[in-house]
Amino acid sequence: MDCSEKLDASLESAAPILSQYPSDYEILIKDCSSDDKVRDSAIRYSKILNIRYIHQPDSGIYEAWNQAISHCEGRWIYFMGADDLFTKDFPFNTLMDQLRKQNKPIFSIPAKYVFNTHSSVLTIDIINFRKHIRYKNPFHHQGIFHQSDVLKKVGFDTDFRISGDFNTLLKMTKSDPDNIVCLSMPPMVEMHSGGISTMISTNFMRLKERAKVRKNNNIRTNHS
């Protein structure tokens, strides 16, 4: 929403990589802005990228994602924020080869997380998934590809503000790590801090929603 400058930077970072594979992807830009700047950015970059623009009011990120996935036609769905950037020289052809081979509902790759002047590469494997699943979402959405058919059946629960993607992840995988493929490769996207899930003011909401996710998916924890 109202993110045209950030979106310009994101699409600019995508152009050198995705423009090499015009038939292998589609970018859906889901916008609820009150002005036309985001639409203008989408039109401008559609000259070099395969872009479809959708303007529709929504109540928050999970309703926006539900609206977007109803328009998706590809086999895999990947979510980015307007301020996420593609990393340079990412081997997109390697990723596409792997995605063509996979039938699991969730496919994971590392993501690069930037906090102020510091950055780190976030990786996940099955051992970490088993360790963290009882307490929090071990994945960032910038590191997950969702199989389209499964995601469209499950969707996102719009009662959540922070943990809806965690709830959907567990429903798609039935909380079973065997339904996740974790690929070791460079991060495709650089993500930045500052979202609602990283704010101190939302700590209590985050804990409350995680408890609801665990209850929804019959996951027990030793924490009280």
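All heavy atoms count here, side chains included; hydrogens, waters and symmetry mates do not. None of the values given here were measured: they were computed from a predicted structure. Index from 1, following the sequence.
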Does [X] use its side chain to pair, donor to acceptor, with the backbone of [Y] at less than 3.5 Å?
X: S13; Y: F86; value: yes
X: K152; Y: C72; value: yes
X: Q56; Y: K30; value: no
X: S46; Y: I43; value: yes
X: E63; Y: S59; value: yes
X: D58; Y: A64; value: no

**Asked** Using the ring of each side chain (for Trp, its six-membered ring), is Y25 parallel, tilted or perpendicular to F92, with breaks at 30° and 60°?
**Response** perpendicular
**Asked** Parallel, tilted or perpendicular for F145 and F107, by the 30°/60° rule?
**Response** perpendicular
To check you understand the geometry: which heavy-atom pair defines the closest contact between [X] and [Y], and what is its length?
X: P16; Y: Q20; result: O-NE2, 2.7 Å
X: A15; Y: L49; result: CA-CD2, 3.8 Å
X: I162; Y: E209; result: N-OE1, 2.9 Å
X: K104; Y: D178; result: NZ-O, 2.7 Å
X: W76; Y: L99; result: NE1-O, 3.2 Å
X: P187; Y: K112; result: CB-N, 3.6 Å

Verify same cluster id: [X], [Y] (apolar side-chain graph, 4.5 Å):
X: I61; Y: L28; value: no
X: M96; Y: I27; value: yes
X: I51; Y: I54; value: no
X: F139; Y: M172; value: yes
X: I144; Y: V150; value: yes

Would you check if [X] and [Y] make a side-chain contact, meaning some heavy-atom pair closer than 4.5 Å?
X: V38; Y: C3; result: yes
X: K171; Y: N217; result: yes
X: M80; Y: V189; result: yes
X: K136; Y: R210; result: yes
X: Q147; Y: I106; result: no
X: I29; Y: L11; result: yes
X: R75; Y: S148; result: no
X: R52; Y: H71; result: yes

**Message:** Is there a ring-ring contact (aromatic ring centres under 6.0 Å, His included) between W65 and H146? Walk through the geometry before answering.
**Reply:** CA-CA 12 Å; W65 284 3; H146 307 74; 7.5 Å; no
Would you say [Y] and [X] are linked by a side-chain donor-acceptor pair, where the criterion is simply a distance under 3.5 Å?
X: Q142; Y: Y113; result: no
X: S10; Y: D84; result: no
X: D159; Y: Y62; result: no

Between atom [atom1] of [X] and atom [atom2] of [Y], what is the distance when rounded to the nearest 0.5 Å?
X: I69; Y: L151; atom1: CD1; atom2: CG; value: 4.0 Å
X: D40; Y: S4; atom1: CG; atom2: OG; value: 8.5 Å
X: I133; Y: S175; atom1: CD1; atom2: OG; value: 4.5 Å
X: N216; Y: D157; atom1: CG; atom2: CG; value: 7.0 Å
X: E73; Y: E26; atom1: CD; atom2: CD; value: 5.5 Å
X: E12; Y: R44; atom1: CD; atom2: CZ; value: 9.5 Å

**Prompt:** Should we count NZ of K212 as having more than 12 external heavy atoms under 6.0 Å?
**Reply:** yes
**Request:** Please say whether more than 12 non-hydrogen atoms of neighbouring residues, nucleotides or ligands are located less than 6.0 Å from CG in D89.
**Result:** no
**Derivation and outcome, side-chain contact (heavy atoms from CB on, under 4.5 Å), residues L183 and S108** = CA-CA 6 Å; L183 185 66; S108 170; over 6 Å; no
**S33 and D31: CA distance, side-chain angles, deciding distance, side chain to side chain donor-acceptor pair (under 3.5 Å) verdict** = CA-CA 6 Å; S33 298; D31 177 31; 2.6 Å; yes
**Message:** Using the rule given for salt bridge (charged side-chain N to carboxylate O under 4.0 Å, His left out), can you reason through D24 versus R100, listing the C-alpha separation, both sets of side-chain angles and the distance that settles it, and then say yes or no?
**Reply:** CA-CA 11 Å; D24 289 326; R100 290 187 182 100; 3.1 Å; yes
**Item:** side-chain contact (heavy atoms from CB on, under 4.5 Å) assessment of F160 paired with D165
**Value:** CA-CA 9 Å; F160 290 100; D165 48 334; over 6 Å; no
